[in-house]
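See structure below.
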Amino acid sequence: MTGMPSDPRQRRAARHAQPAEDPAASPPRKKPITVDRITDAALQVVATEGYDALTIRRVAAVLGSGPSSLYAHIVNKDDIDDLLVGRLYSGIVLPEPDPARWREQIRDVYTQIRDQYLKYPGISRAVLGTVPTNLHSLKVREGLLAILLAGDVEPRTAAWALDALSLYVSAYALEQSLVRQRQDDPDQEWVVSREELLRRFAALPADAFPHTRRHAAELTSGTGHDRFDFTLGLIMENLSRS
């Protein structure tokens with residue numbers, strides 16, 4: 001037996017030894033598709049390409065798989081939306097309701113939600129027109145309701161206020177994402193600066209636009225999230241108490 005060891009013990013060891021694995025003959029095994037990996041891939045698509053690019057086919061491509069492999073874990077695109085919202089809401093920190101600080105607490109939670117939305121351009125569209133059923137989403141809504149009730153807000157008023165606040169925050173984040181996308185697009189020349197708006201308002205006919213001309217500074221005022229804070233405060237200050 002050419003090439004075999006002459007010592008019997010060595011020959012026995014050689015027979016039972018596992019042959020060295022040839023990397024070229026056995027390609028690395030793919031990671032299994034899971035709900036968490038689908039969510040990760042979907043967030044990657046939105047973060048790098050925007051929400052409009054999010055499709056089941058695109059998510060499958062990021063995972064190096066075909067769309068059919070995703071349907072073992074999700075039902076449709078709406079299911080991915082629900083997973084995305086649940087993932088974002090899982091990072092929201094809910095305070096212990098404090099009757100003396102309930103307005104501040106509501107503002108803090110919605111600010112966290114806003115900032116999560118703004119990380120992923122257009123993702124708040126996944127919330128608009130739907131009722132998220134993910135447990136993380138429901139937990140956040142439960143926490144917000146508890147804060148309002150601790151503030152002695154009547155239950156139906158609290159429920160409707162949550163709808164109004166959530167709608168505003170989603171719409172605000174969507175608008176901010178759209179403005180940023182358009183500012184980055186050289187073909188979107190109509191997105192103008194505050195200075196340009198002031199010049200255009202000043203050039204309006206005084207007889208037709210007296211108030212716009214006179215209050216142009218106020219109409220274009222606000223930096224950062226000033227108007228966001230103003231609107232949340234406006235809604236909460238007008239909530240009737242029990």
Side-chain angles (χ1 to χ4, degrees), residues 18-94 109-145 162-163 165-188:
Q18 294 293 326
E21 187 173 347
D22 182 358
S26 53
R29 185 177 299 175
K30 287 185 178 181
K31 291 183 179 180
I33 302 296
T34 64
V35 169
D36 282 341
R37 290 194 66 216
I38 291 172
T39 308
D40 290 340
L43 284 173
Q44 179 182 329
V45 172
V46 178
T48 58
E49 304 172 43
Y51 181 77
D52 287 339
L54 182 63
T55 63
I56 291 178
R57 185 175 297 278
R58 186 71 192 91
V59 172
V62 171
L63 292 171
S65 182
S68 60
S69 64
L70 273 62
Y71 286 112
H73 306 277
I74 61 168
V75 178
N76 50 30
K77 166 65 164 48
D78 291 339
D79 208 11
I80 291 183
D81 287 345
D82 197 52
L83 290 172
L84 291 179
V85 176
R87 174 67 67 80
L88 296 187
Y89 278 31
S90 69
I92 303 300
V93 178
L94 294 169
V109 174
Y110 274 114
T111 297
Q112 291 182 61
I113 294 173
R114 175 202 70 193
D115 291 345
Q116 287 284 62
Y117 288 161
L118 292 178
K119 291 179 184 177
Y120 302 97
I123 202 169
S124 61
R125 282 175 54 190
V127 180
L128 292 169
T130 65
V131 179
T133 57
N134 189 287
L135 289 180
H136 291 298
S137 308
L138 294 175
K139 180 181 178 182
V140 170
R141 193 169 185 84
E142 171 75 12
L144 287 166
L145 181 59
L162 286 181
D163 285 345
L165 287 163
S166 298
L167 177 61
Y168 172 71
V169 174
S170 297
Y172 174 87
L174 178 58
E175 182 187 48
Q176 291 292 308
S177 296
L178 291 173
V179 169
R180 290 178 184 178
Q181 288 175 358
R182 288 166 176 165
Q183 287 174 336
D184 293 338
D185 186 348
D187 294 330
Q188 298 286 351

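Everything quoted here is computed from the prediction, not taken from an experiment. Positions are given from 1 along the sequence.
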* Structure fact -> Hits for side-chain contact (heavy atoms from CB on, under 4.5 Å) against T48, two or more places apart or cross-chain, chain-then-number order -> none
* Calculate, to the nearest 0.5 Å, the distance between atoms CG and CG belonging to L83 and D36 respectively. => 9.0 Å
* Side-chain donor or acceptor of N134 paired with backbone N/O of V85 under 3.5 Å -> no
* **Sidechain-backbone polar pair: S170 side chain, L167 backbone, donor-acceptor under 3.5 Å** => no
* Structure fact -> CD (Q116) and CD1 (I92) are apart, to the nearest 0.5 Å, by 5.0 Å
* Asked: In terms of heavy-atom contacts, does CG of L135 have more than 12 from other residues, nucleotides or ligands at under 6.0 Å?
  -> no
* To do: Given side chain to side chain contact (heavy atoms under 4.5 Å, CB included), test S166 with R141 step by step and report yes or no.
  => CA-CA 10 Å; S166 298; R141 193 169 185 84; 4.0 Å; yes
* Quick one: CG on L118 to OH on Y172, what's the gap to the nearest 0.5 Å? -> 7.0 Å
* **Side-chain donor or acceptor of H73 paired with backbone N/O of I33 under 3.5 Å** => yes
* Trace of the side chain to side chain contact (heavy atoms under 4.5 Å, CB included) decision for Y120 with L88 -> CA-CA 10 Å; Y120 302 97; L88 296 187; 3.5 Å; yes
* Quickly, which of I56, V62, L54 forms a side chain to side chain contact (heavy atoms under 4.5 Å, CB included) with R58? Name it, please. => V62
* Structure fact -> Taking every heavy atom of V169 against every heavy atom of Y110, the minimum-distance pair comes out as CG2-CD2, 3.6 Å
* Asked: Is E175 atom CD crowded by more than 12 heavy atoms from other residues, nucleotides or ligands, each under 6.0 Å away?
  -> no
* In terms of side-chain geometry, is the basic nitrogen of D40 or R87 positioned less than 4.0 Å from the acidic oxygen of its partner? -> yes
* **Test item: T39 side-chain N/O and V35 main-chain N/O as donor-acceptor pair under 3.5 Å** => yes
* Asked: Within the side chain of R37, is there an N or O that forms a donor-acceptor pair under 3.5 Å with the backbone of P32?
  -> yes
* Asked: Quick one: OG1 on T133 to CG on D82, what's the gap to the nearest 0.5 Å?
  -> 4.0 Å
* Does a salt bridge link D115 with K119, judged by any charged N lying under 4.0 Å from a carboxylate O? -> no
* Is a donor on one side and an acceptor on the other found under 3.5 Å between the side chain of Q112 and the backbone of V93? -> yes
* Structure fact -> Distance col, row S124:OG vs Y51:OH, nearest 0.5 angstrom, shows 9.5 Å
* Atom of S177, atom of P121 and distance for their closest heavy-atom approach -> OG-CA, 3.7 Å
* Any chance you could measure L70, atom CG, to N76, atom CG, to the nearest 0.5 Å? => 12.0 Å
